[in-house]
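Throughout, protein chains are lettered first and strands after them, A, B, ... in sequence-line order, and every chain is numbered starting at 1. What you see is a predicted model; the values in this text were computed from it and never measured.
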Number of protein chains: 2
Amino acid sequence: MYDHSCSNCAMSEICLPLGLDKADIGRLEKIVTTSAVRHTGDNIVRQGDAFQNVYAVKSGMTKSYRFDDAGTEYIHSFHLPGELFGLDAIYAKRYGFTVEALDTVVLCEMNFEELQVLCSHVPSLQRQVFNLLSRDLYNSHVNPIEHFDQTAEQKLSGFLHNLLSRFHARGHVSMELHLPMSRRDIANHLGLAPETISRLLKRFQQQNVIDIKNRLVTIVDQVKLESMVHCHALEASITPSEITRSVK
Amino acid sequence: MYDHSCSNCAMSEICLPLGLDKADIGRLEKIVTTSAVRHTGDNIVRQGDAFQNVYAVKSGMTKSYRFDDAGTEYIHSFHLPGELFGLDAIYAKRYGFTVEALDTVVLCEMNFEELQVLCSHVPSLQRQVFNLLSRDLYNSHVNPIEHFDQTAEQKLSGFLHNLLSRFHARGHVSMELHLPMSRRDIANHLGLAPETISRLLKRFQQQNVIDIKNRLVTIVDQVKLESMVHCHALEASITPSEITRSVK
DNA sequence: AGAATTAATTGATTTAGATCAAACCCATTT
DNA sequence: AAATGGGTTTGATCTAAATCAATTAATTCT
């Protein structure tokens, strides 16, 4: 739709172009277009639609969700700049998730057939697509949305910690996290009740781990937050460092 | 290690060779070897080992598990004939899971570097590897090990139903499932306590859904089993069909 | 700006499944 | 055949987080 340049994109080092030389990036740019600006609530792809393109987020945040056969909604993921989505639809040939803009979003779009053809001519691109697919697979195997034995506290602290490190990996330095999604979205994503999210955020604030102003979360004590992710039974009155790790 | 033939393998239609013509299957066979027989408890790959090969199960069953930083074990998956493992290690360059034989197992082994090179010369193979990666990704996104809002009953019935349909897709016709893994393994895999597995299997038997003799499970009523996967609140005294689906 | 609507919080109660504790059942081994 | 030791089952109790029920705070709309 618009002229596209991967060479000048701030996300090129964590996105598709990683590992490509200048000439090959040029070939990639030819099959990538930059989308018009999407606004809050806009759907980028819809669950069930025929698969055609894979997307990379250039700026803003998206959420992916689906409704199962029983009509239950599952919010699977939130995508940050430099992250791809749509790769899980290659096999099924239909998108499994609706992807929606949570704020003002700009995307890169590429036709997967063209990408596949380019991959067979550019080995380093084929390698990078294998790498990105494998990384997504590894992440969903090793860090699934929730580990069944995780407490609500572990899930929420893990969620905040994960978001913060992804932002930092993208060059952000601030300890402020603007969460454009609702508490209900966070709750659904983590498999918890919205009430539980409310109560936990309040407790995290009382324990001086975070500071909340509506949807703006400031990480006050990153070390304490990280220890919460791993510690099983954290009593409200005991600091995490005082707890001996219980090895099952 | 041993001579290998994909052309004569019963699993070729659901494994890597799918979509390849005769000549290309011949090229694939050159980089695949068939392993010596592995026995119960043998490790095929170990968590943390340098990634080198991807594997396909030719016969028997394996389990994949890992220990997280806190020392907690997670049993991630059980692999049936025709299924690949190791693809999630491409990016990390180390295996994230130990894969262990649950009974007598024969495997196909291929060096991933060689497979990658072959993919850039055989477009239909590249396509199939993308498809298999995408399918695994889709499955782990859409059917994660457990959905947080699933009851223990849904998880276990889903597990049995999933195993049965995978066996049937592989040409088995029997309603008998030999589960070579322990109750503890099933429990860990589903994020439940072994006691819960015991109690549920007993109840399933009392409701004439299955029949159990140690580790041999016979599916007596497949329809009822399937309905259990989807129904939320199944009272012991009410049959699933009597319950109105609750749409959240 | 004020009304209407939706999102978020707070408190009381309930419950599914974990945990604890003990018995039992197989399969080996001696 | 008795003994050892996992794996499995069964029962009693406990608890984290859901659900139910209001209330309060933010948005959005007119």
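- Relative orientation of the B/Phe51 and B/Tyr95 rings is perpendicular, given thresholds of 30° and 60° on the angle between their planes.
- Looking at heavy-atom distances under 4.0 Å, B/Ala193 makes contact with a base.
- Within residues 177-191 of chain A, the residues approached by DNA chain C to less than 4.0 Å at the level of any non-hydrogen atom are A/Ser182, A/Arg183, A/Arg184, in residue-number order.
- OP1 or OP2 of C/dA16 has not a single side-chain nitrogen or oxygen of B/Thr196 nearer than 4.0 Å.
- Here A/Arg46 pairs with nothing under the salt bridge (Lys or Arg N to Asp or Glu O under 4.0 Å) rule; sequence neighbours left out.
- As rounded to whole Å, 14 Å separates atom P of C/dT9 from atom NZ of A/Lys213.
- A/Tyr65 pairs by the ring pair (Phe, Tyr, Trp, His ring centres under 6.0 Å) definition with nothing, not counting sequence neighbours.
- The ring pair (Phe, Tyr, Trp, His ring centres under 6.0 Å) test applied to B/Tyr138 returns no partner, not counting sequence neighbours.
- For residues 157-169 of chain A, every residue pair satisfying the salt bridge (Lys or Arg N to Asp or Glu O under 4.0 Å) rule, not counting sequence neighbours, is listed here: A/Glu83-A/Arg166.
- Candidate nucleotides C/dT10, C/dA18, C/dC20 were compared by shortest atom distance to the side chain of B/Glu195, and C/dC20 ranks first.
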Check the interface with nucleotides 24-28 of chain C: list each N/O to N/O pair with the protein under 3.5 Å, or write none.
none

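- Whole-Å rounding puts the A/Gln206 CD to C/dT10 C1' distance at 12 Å.
- Rounded to an integer number of Å, the gap from A/Gln150 CD to D/dA16 P is 16 Å.
- Note: CG (B/Leu192) to C1' (D/dT8) measures 16 Å, nearest angstrom.
- The ring-ring contact (aromatic ring centres under 6.0 Å, His included) contacts involving residues 179-227 of chain A comprise A/Phe78-A/His189, A/Phe159-A/His189, where partners must be two or more places apart or lie in separate chains.
- Qualifying side chain to side chain donor-acceptor pair (under 3.5 Å) partners for A/Lys63, counting only residues two or more places apart in sequence or in other chains: A/Asp185.
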N/O donor to acceptor pairs below 3.5 angstrom from side-chain atoms of residues 212-221 of chain B, sequence neighbours left out:
{"from": "B/Arg215", "atom 1": "NH1", "to": "B/Pro180", "atom 2": "O", "distance (Å)": "3.2"}
{"from": "B/Asp221", "atom 1": "OD1", "to": "B/Val223", "atom 2": "N", "distance (Å)": "3.3"}
{"from": "B/Asp221", "atom 1": "OD1", "to": "B/Lys224", "atom 2": "N", "distance (Å)": "3.0"}

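- If you take NZ of B/Lys155 and P of C/dA16, they are 14 Å apart, rounded to a whole angstrom.
- Taking atom CD on A/Glu153 and atom P on D/dT15, their separation rounds to 17 Å, with Å as the unit.
- Comparing D/dC20, C/dC20, D/dA17 against the side chain of A/Thr151 picks out D/dA17 as the nearest.
- In this view, A/Asp136 satisfies the side chain to side chain donor-acceptor pair (under 3.5 Å) rule with no residue, not counting sequence neighbours.
- Remark: A/Arg66 fails to qualify as a cation-pi partner of A/Tyr74 under the 6.0 Å distance and 45° angle criteria applied to the six-membered ring.
- Among residue pairs with one or both ends in residues 172-182 of chain B, none qualify as salt bridge (Lys or Arg N to Asp or Glu O under 4.0 Å); sequence neighbours excluded.
- Between B/Lys202 and the phosphate of D/dT9, there is no side-chain N or O to OP1/OP2 separation shorter than 4.0 Å.
- For B/Arg215 and D/dG7, a side-chain-to-base donor-acceptor distance below 3.5 Å is absent, hydrogens and geometry of angles not being considered.
- In this structure, B/Leu216 atom CG and D/dT8 atom C1' are separated by 16 Å, rounded to whole Å.
- A/Leu156 places its CG atom 12 Å from the P atom of D/dA18, with the value rounded to the nearest Å.
- Aromatic ring orientation, A/His76 versus A/Phe97: tilted (interplanar angle from 30° to 60°).
- No contact: B/Ile197 has no heavy atom under 4.0 Å from any strand.
- At its two ends the helix from C/dA1-D/dT30 to C/dT30-D/dA1 runs along axes set 40° apart, each axis drawn from five pairs and the angle rounded to 10°.
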